[in-house]
Enquirer: 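Provided herewith is a single structure, encoded as structure tokens, for subsequent inquiry.
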Amino acid sequence: MGAMEALVFNLTTAALLVVMFKAGVALVGPDTVQQRRIPWFAVGLTVVAIAGVVLQLCWGGAMDALDSDPSKAGWWRVLTSVFMQNGGVFGTAYNLATIAVIAALAEWFWGGWLMLALFLAGDLLPQTIGSLFGETASTDPRNFAGSSGSTYFLAATLAGALLLRNRGRGSVLLALAVPALGLAMWFAQENGHGLVSVYGFVLGLIVWALGRRVIRPDRDLTQAPRTTVGTLTAVVRKR
């Protein structure tokens, strides 16, 4: 991949996340963030991701032992590889920041346990679908580690829910932009972020359609928690 192709690849990948972030914000309501509880599950997931980076810095053999290289044995690799990073300093910072923000939005809408389940699905489901269609595991070392795939998958579930929950024209167009851009990226660039986003979008549609009676995305607005994002922000400002 040439320098220009890499630049376009990175820009479109970032653009897709921006669209999904906007969909997530529209879903939870941009004016409700200050009233929502601290997303502790998202905090915990981010801490685990940071711990994975620290482990890599402290142990030179972490990547060899924990990545998802198909030529190596180890049932744990499919899980541990998500918390290994191989995108350099910028890529690592990007992945950590995006997982924190997207996980928080997803927790506020889906709830903590369901958010974690969807993040895990983003790790397992694409591989399962690929094996069903006879696709072999990637041999590109760039695909052996990284949290971006699961993060994009999780973000796309929010766009899927937005399509069904918010009927406004702007929300519908914003939601549909996710699979449209994702498919375009996959066919034009073979960008895996686009394909997993389509998977996540479809799963988001299914989960919300089946669970809308029990999922309570507005619970923080009807039963305000003791500690909210707003109260924590106020404490930080005073200090």
Enquirer: Please check if Ile129 and Phe153 belong to a single hydrophobic cluster, counting links between Ile, Leu, Val, Met, Phe, Trp and Tyr side chain heavy atoms closer than 4.5 Å.
Expert: yes
Enquirer: I need the minimum non-hydrogen distance between Ala159 and Ala175, along with the two atoms involved.
Expert: O-CB, 3.3 Å
Enquirer: Which is it for Trp186 and Val198 under the side chain to side chain contact (heavy atoms under 4.5 Å, CB included) test, yes or no, and what are the steps along the way?
Expert: CA-CA 10 Å; Trp186 172 247; Val198 175; over 6 Å; no
Enquirer: Which donor-acceptor pairs under 3.5 Å do side chains of residues 209-216 form with protein atoms, sequence neighbours excluded?
Expert:
none

Enquirer: Quick one: closest heavy-atom pair of Leu158 and Gly24, and the distance?
Expert: CD1-CA, 3.9 Å
Enquirer: If you take all heavy atoms of Gly149 and Val196, which pair is closest and at what distance?
Expert: O-CG2, 3.7 Å
Enquirer: Does Trp59, at its CH2 atom, have more than 12 non-hydrogen atoms belonging to other residues, nucleotides or ligands within less than 6.0 Å?
Expert: yes
Enquirer: Got Gln34 and Thr228 here, is their nearest side-chain heavy-atom distance under 4.5 Å?
Expert: no
Enquirer: For residues Val19 and Ala177, report the shortest heavy-atom separation together with the two atoms involved.
Expert: CG1-CB, 4.1 Å
Enquirer: In a table with atom names and distances, give each donor-acceptor pair under 3.5 Å that connects a side chain of residues 41-58 to protein atoms at least two apart or in another chain.
Expert:
unit_1 : atom_1 : unit_2 : atom_2 : d
Thr46  : OG1    : Ala42  : O      : 2.8
Gln56  : OE1    : Gln85  : N      : 2.8
Gln56  : NE2    : Gln85  : O      : 2.9

Enquirer: Ignoring hydrogens and geometry, is there a side-chain-to-backbone donor-acceptor pair from Asp69 to Ser71 under 3.5 Å?
Expert: yes
Enquirer: Starting at CD of Gln35, measure out to CG of Asp220 and round the result to the nearest 0.5 Å.
Expert: 9.0 Å
Enquirer: Which atom names give the shortest non-hydrogen contact between Arg37 and Gly111, and what distance separates them?
Expert: NH2-CA, 4.5 Å
Enquirer: Step by step, work out the side chain to side chain contact (heavy atoms under 4.5 Å, CB included) result for Gln189 and Glu5.
Expert: CA-CA 9 Å; Gln189 306 171 323; Glu5 291 179 334; over 6 Å; no
Enquirer: Report yes if the side chains of Glu107 and Leu116 come closer than 4.5 Å at any heavy-atom pair, otherwise no.
Expert: no
Enquirer: With no hydrogens and no angle check, just 3.5 Å: does a side-chain donor-acceptor pair link Asn191 and Thr13?
Expert: yes
Enquirer: Run the ring-centre check on Trp110 versus Phe119 and record whether the distance is less than 6.0 Å.
Expert: no
Enquirer: With rounding to the nearest 0.5 Å, note down the distance linking CG in Asp67 to OG1 in Thr80.
Expert: 8.0 Å
Enquirer: Ser197 versus Met185: any side-chain heavy-atom pair under 4.5 Å?
Expert: no
Enquirer: Calculate, to the nearest 0.5 Å, the distance between atoms CG and OG belonging to Asn95 and Ser147 respectively.
Expert: 4.0 Å
Enquirer: Establish whether Leu164 and Val172 are linked, either directly or via other cluster members, by ILVMFWY side-chain heavy-atom contacts under 4.5 Å.
Expert: yes
Enquirer: What closest approach, in Å, do Asn86 and Ala145 show between heavy atoms, and which atom pair accounts for it?
Expert: OD1-O, 3.5 Å
Enquirer: Which value, rounded to the nearest 0.5 Å, describes the distance between Leu66 atom CG and Arg77 atom CZ?
Expert: 7.0 Å
Enquirer: Under a 4.5 Å cut-off applied to non-hydrogen side-chain atoms, are Leu17 and Ile102 in contact?
Expert: yes
Enquirer: Can you confirm whether Trp108 sits close enough to Leu27 that some side-chain heavy atom of one is under 4.5 Å from a side-chain heavy atom of the other?
Expert: no
Enquirer: Atom CG of Leu154 and atom CG of Leu203: how far apart are they, to the nearest 0.5 Å?
Expert: 10.0 Å
Enquirer: Is any side-chain N of the basic residue among Asp31 and Arg36 closer than 4.0 Å to the acidic one's carboxylate O?
Expert: no
Enquirer: Val207 versus Thr157: any side-chain heavy-atom pair under 4.5 Å?
Expert: no
Enquirer: To the nearest 0.5 Å, what is the distance between CG (Leu174) and NZ (Lys22)?
Expert: 8.0 Å
Enquirer: Evaluate the criterion side chain to side chain contact (heavy atoms under 4.5 Å, CB included) for residue pair Phe201 and Leu163; output intermediate values, then yes/no.
Expert: CA-CA 9 Å; Phe201 180 84; Leu163 180 63; 3.7 Å; yes
Enquirer: Quick one: are Leu125 and Leu120 in side-chain contact, heavy atoms under 4.5 Å?
Expert: no
Enquirer: With hydrophobic residues grouped by side-chain heavy-atom distances under 4.5 Å, do Phe187 and Tyr152 end up in a single group?
Expert: yes
Enquirer: Please determine whether residues Met84 and Leu96 belong to a single hydrophobic cluster, defined as Ile, Leu, Val, Met, Phe, Trp and Tyr linked transitively by side-chain heavy-atom distances below 4.5 Å.
Expert: no
Enquirer: Taking only residues two or more places apart in sequence or in another chain, which ones pass salt bridge (Lys or Arg N to Asp or Glu O under 4.0 Å) with Asp64?
Expert: Lys72
Enquirer: Is any side-chain heavy atom of Trp208 less than 4.5 Å from a side-chain heavy atom of Pro217?
Expert: yes
Enquirer: Same cluster or not: are Met115 and Val101 linked, directly or through other Ile, Leu, Val, Met, Phe, Trp or Tyr residues, by side-chain heavy atoms under 4.5 angstrom apart?
Expert: yes
